[in-house]
Amino acid sequence: MKRLYIETVGCQMNMLDSEMVVASLRKHGYELTDDAQLADVCLYNTCSVRQHAEDKTYSSLGRMKRCKQANPRKVVGVMGCMAQKDQRLIFERAPYVDLIVGPGQLQQIPELIANIQAGAEPQVAVSMGRRDGAVDEIKRSHETFDPLRDPAMRPTPFQAYLRIQIGCDKFCTYCIVPMTRGPEQGRDPQQILSEARTLAEQGCKEIILLGQTVNSYRHTSAAGVDTRLSGLLRQLHEVDGIERLKFVTNYPKDMTLELLETVRDLPKCSPYLHVPAQSGSNAVLQRMKRGYTVEDYREMMERIHATLPDAAVSSDFIVGFCGETDDDFEQTMQLVRDCRFKNSFIFKYSVRPGTKASEQLPDDVPTEVKQARNNELLALQNRISAEDNQDFIGREVSVLVEGPSKAAQKRGDEGPVLQLTGRTHCDRIVVFDGNLRQVGNTLPVVVYDASSHTLFGSVVTYEAGPGPLLAFNQGGR
Ligand code: 5AD
Ligand code: SF4
């Protein structure tokens with residue numbers, strides 16, 4: 001048995017890519033280890049969306065140096081967005097790297113590793129050219145690669161990611177993704193459906209559809225049949241065994257009434273929508289080339305609430321983007337006050353060489369100002385999340401149980417009775433006392449307390465069902 005160590009940073013797309021790489025290497029006789037020292041192959045799946053993510057990878061690679069000196073036969077590989085973007089730089093900073101593979105070439109990894117082990121020079125496989133040259137290659141590779149799945153690499157055994165879209169065509173001026181992952185392409189609905197059925201057969205209850213702008217999904221078949229996200233959801237809704245369908249990340253302009261009505265009408269669709277606003281100022285949105293105004297975004301929020309009154313909406317914001325004034329920032333604060341997002345991910349602007357902003361707009365907001373705005377916006381969002389979570393106290397929610405809570409894991413609790421964690425249909429985290437046997441079940445939980453990120457509850461047991469059911473009433477109100 002050969003041993004594989006894999007470290008993943010970045011988005012859910014990267015987690016899915018790592019899952020598929022592990023699945024393909026298992027076929028070639030590898031088993032997973034969490035000890036990089038002992039591994040025959042160490043892979044780093046990288047992210048380029050902010051400088052911080054790249055720094056993290058370089059420090060991991062730095063730690064590899066001695067390991068590699070001690071065991072020159074160990075294969076060290078860098079995959080993902082940073083591999084696509086910075087091949088030469090990676091070799092300069094970490095000359096002991098053997099393998100560099102872009103996100104569109106991951107299916108070549110077993111072969112490339114074998115070449116290295118047979119004594120070949122360092123191997124590089126990336127998409128050529130910034131855009132056009134990459135199209136065919138990315139398309140071909142993903143369509144043969146995606147169906148490979150590895151349950152051990154999933155968030156939990158009954159939750160899985162499913163890619164429905166590759167790449168991005170929006171070219172927001174700050175963003176490197178269109179350069180690393182290539183142009184937007186919707187995958188064939190037939191392939192998506194067959195993958196969903198496989199996942200259901202493997203015990204998956206929740207599928208999270210992935211795309212950079214997932215609600216812009218579109219596929220036209222050879223026969224001219226056009227499929228949008230709403231149509232795809234209706235087809236996926238028919239797959240037996242799947243209980244919940246989520247989709248991330250959404251693009252505000254494509255949040256159509258038809259899609260919202262589809263989510264409303266299909267009980268398996270989670271009323272949870274992640275729709276990054278990025279800024280509350282029209283001047284900033286324009287410099288970002290986001291393609292909508294704050295008024296458009298607010299209208300979209302009204303449409304969401306009118307169609308899905310219980311929907312939870314979350315957002316992303318970039319603070320300190322080029323030229324952002326105090327007044328621009330105040331408009332972002334106001335948008336957050338008005339929209340009352342379930343949660344927001346807040347990022348300090350990080351210049352990405354190769355993007356339009358890096359070439360045309362000065363990064364002129366001082367680091368301290370970025371940090372202060374980040375803190376202020378986060379404090380506001382946390383206050384709103386905490387306030388809105390209070391509304392759940394005394395209410396019953398339906399929780400898909402994921403496993404031991406973070407606290408239980410930290411304490412090393414073994415169970416079977418211990419603190420568990422799960423999520424509501426609208427993606428809120430719920431912590432409660434339960435039994436490990438309940439993992440994977442959907443349970444009614446009454447909420448008795450709430451913080452900004454967590455609801456605390458007790459399982460409701462109306463009547464004794466099959467198996468040893470436990471009623472937990474401690475702490476309940
Ligand atoms: N700097 C900071 N944040 C960024 N994001 C994307 N590019 C950058 C950048 N250059 C953020 C956006 C996006 C999220 C995934 O990362 O908010 O929605
Ligand atoms: Fe980047 Fe904009 Fe595409 Fe999102 S929509 S991946 S922020 S270019």
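Whatever order the structure lists ligands and atoms in, that order sets their numbers, starting from 1.
The distance criterion of under 3.5 Å between nitrogen or oxygen atoms is not met by R352 with respect to ligand 1. Not a single N or O atom of Y349, backbone or side chain, sits closer than 3.5 Å to an N or O atom of ligand 1.
Atom NE2 of H305 is surrounded by more than 12 heavy atoms from other residues, nucleotides or ligands within 6.0 Å. Atom CD of Q409 has more than 12 heavy atoms from other residues, nucleotides or ligands within 6.0 Å.
Checking Q165 against R218 by side-chain atom types alone, no donor-acceptor pair falls below 3.5 Å. Neither side chain, N45 nor T8, offers a donor N or O lying under 3.5 Å from an acceptor on the other. For the residue pair T156 / E402, no side-chain donor-acceptor distance below 3.5 Å is found, with atom types taken as modelled. In summary, the side chains of S398 and H425 do not present any donor paired with an acceptor at a separation below 3.5 Å, with no hydrogens or angles considered. A donor-acceptor contact closer than 3.5 angstrom links the side chains of S216 and D254.
For atom 4 (C) of ligand 1, the nearest non-hydrogen atom from the set K348, R50, Q51, Q278 comes from R50. Counting heavy atoms only, S350 comes closest to atom 10 (N) of ligand 1 of the residues S279, A357, S350, C172.
Of all atoms in ligand 1, numbered sequentially from 1 with element shown, those under 4.0 Å from a heavy atom of V49 are 6 (C), 7 (N), 8 (C), 9 (C), 10 (N). Within the listing of ligand 1, atoms 13 (C), 14 (C), 15 (C), 17 (O), 18 (O) sit less than 4.0 angstrom from a heavy atom of D316.
Pairing each heavy atom of G320 with each of Y349, the nearest pair is O-CB, 3.5 Å.
Only protein N, O or S atoms were scored, and 1 of them lie under 2.8 Å from atom 2 (Fe) of ligand 2.
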(message) Run the side-chain hydrogen bond (donor to acceptor under 3.5 Å, both in side chains) test on D226 and T220 for me, step by step, so that the C-alpha distance in whole Å, both residues' side-chain angles and the decisive distance to 0.1 Å come before the verdict.
(response) CA-CA 4 Å; D226 204 27; T220 308; 3.0 Å; yes
